[in-house]
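Written out below as structure tokens is the structure these notes cover.
Convention: sequence-line order gives letters A, B, ...; per-chain numbering from 1. For clarity, every value in this text was computed on a predicted model and none was experimentally measured.
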Amino acid sequence: KAGVTQTPRYLIKTRGQQVTLSCSPISGHRSVSWYQQTPGQGLQFLFEYFSETQRNKGNFPGRFSGRQFSNSRSEMNVSTLELGDSALYLCASSPGTGYSNEQFFGPGTRLTVL
Amino acid sequence: DAKTTQPPSMDCAEGRAANLPCNHSTISGNEYVYWYRQIHSQGPQYIIHGLKNNETNEMASLIITEDRKSSTLILPHATLRDTAVYYCAWDSNYQLIWGAGTKLIIKP
């Protein structure tokens with residue numbers, strides 16, 4: 001099975017712009033989660049989607065949004081970029097059902113905001 | 001407030017067992033504990049998970065205390081390729097709550 005893929009792998013934007021990141025989960029997985037990783041804050045949960053519905057959202061401003069499509073692919077969007085949004089954005093997929101939540105991660109998108 | 005704590009760094013001699021502790025004192029009864037590792041800012045790699053009983057797979061063993069407030073990841077015969085940042089996390093309401101990670105350095 002192919003793993004989780006994320007595009008693009010690297011991105012450079014300037015303050016005030018917006019950005020859209022894409023994630024394709026492992027085939028058959030219906031849950032997609034997004035995380036932000038920075039040296040200062042570590043791994044922080046952004047949101048989780050299952051069958052096109054957001055089931056949970058982390059403590060991030062409304063500039064961060066996401067969605068999931070019927071084929072389970074997911075996108076996240078950050079509007080009005082700030083310097084502090086520079087981070088590694090990680091997507092993870094899991095079956096989304098059952099008691100455990102074993103997640104498999106993609107390689108991440110490295111976003112740099114200038 | 002949900003909290004997961006790990007020591008920031010540890011050393012281990014090559015060929016010896018590496019024991020990485022994690023404290024997850026606010027975990028509740030039906031929330032799983034997960035361990036991942038991350039090398040060179042790649043995506044975290046899943047290692048193992050468990051609920052109450054000790055678990056073992058081809059990569060590692062997981063020991064969870066009876067009160068479930070802490071756990072230990074054991075790499076039985078550490079190699080240089082096991083040098084990485086190891087994260088403990090637990091699952092609450094569809095999100096993983098992460099520790100800050102332990103940088104494990106394997107020394108020859």
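Side chain of A:Ser24 to main chain of A:Thr5: no donor-acceptor pair is present (N/O by atom type, distance under 3.5 Å, no hydrogens or angles). With hydrogens and angles disregarded, a donor-acceptor distance shorter than 3.5 Å links the side chain of B:Thr65 to the backbone of B:Ser70. Listed for the B:Gln45 side chain is no donor-acceptor partner under 3.5 Å among the backbone atoms of B:Ile39. Looking at B:Asp91, its side chain never comes within 3.5 Å of a backbone N or O of B:Tyr32 through a donor-acceptor pair.
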Start with the C-alpha gap between B:Trp90 and B:Thr26, add the side-chain angles, then the distance that decides, and say whether side chain to side chain contact (heavy atoms under 4.5 Å, CB included) holds.
-> CA-CA 10 Å; B:Trp90 52 280; B:Thr26 57; 3.2 Å; yes
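Aromatic ring orientation, A:His29 versus A:Phe104: tilted (interplanar angle from 30° to 60°). Below 30°, between 30° and 60°, or above 60°: for B:Tyr36 and B:Tyr46 the angle between ring planes is above 60°, a perpendicular geometry.
For B:Pro7, the side-chain contact (heavy atoms from CB on, under 4.5 Å) test picks out B:Met10, B:Pro21, B:Thr102, with sequence neighbours left out.
Taking every heavy atom of both residues into account, B:Ala100 and B:Gln6 meet most closely at N-OE1, 3.9 Å. Considering all non-hydrogen atoms of both residues, B:Ala60 and B:Ile47 come closest at CB-CG2, 3.8 Å. Among all heavy-atom pairs drawn from B:Cys88 and B:Val33, the shortest one is SG-CG1, 4.4 Å. Closest of all the heavy-atom pairs between B:Asp82 and B:His77 is OD2-O, 4.2 Å. In this structure, B:Leu62 and B:Ser71 approach most closely via the heavy-atom pair CD1-CB, 3.9 Å. Annotation for B:Asp11 and B:Lys107: closest pair OD2-NZ, 3.0 Å, computed over non-hydrogen atoms.
Looking at B:Gln38, the atoms closer than 4.5 Å to chain A (heavy atoms on both sides) all sit in the side chain, from C-beta outward. For a residue to count as touching a neighbouring chain, one of its non-hydrogen atoms must lie under 4.5 Å from one of that chain's; by this rule B:Tyr94 touches chain A with backbone and side chain alike. Proximity to chain A involves both the backbone and the side chain of B:Leu96, based on heavy atoms less than 4.5 angstrom apart. The contact between B:Gln42 and chain A is made entirely by backbone atoms, counting heavy-atom distances below 4.5 Å.
Residue-level contacts of residues 43-55 of chain A with chain B, in order of numbering, are A:Leu43, A:Phe45, A:Glu48, A:Arg55; threshold 4.5 Å between heavy atoms. Inspection of non-hydrogen atoms places no residue of residues 62-86 of chain A under 4.5 Å from chain B. At a heavy-atom cut-off of under 4.5 Å, chain B is reached by A:Phe105, A:Gly106, A:Pro107, A:Arg110 from residues 105-114 of chain A, listed in order of number.
No side-chain N or O of A:Gln41 forms a donor-acceptor pair with one of A:Thr38 less than 3.5 Å apart.
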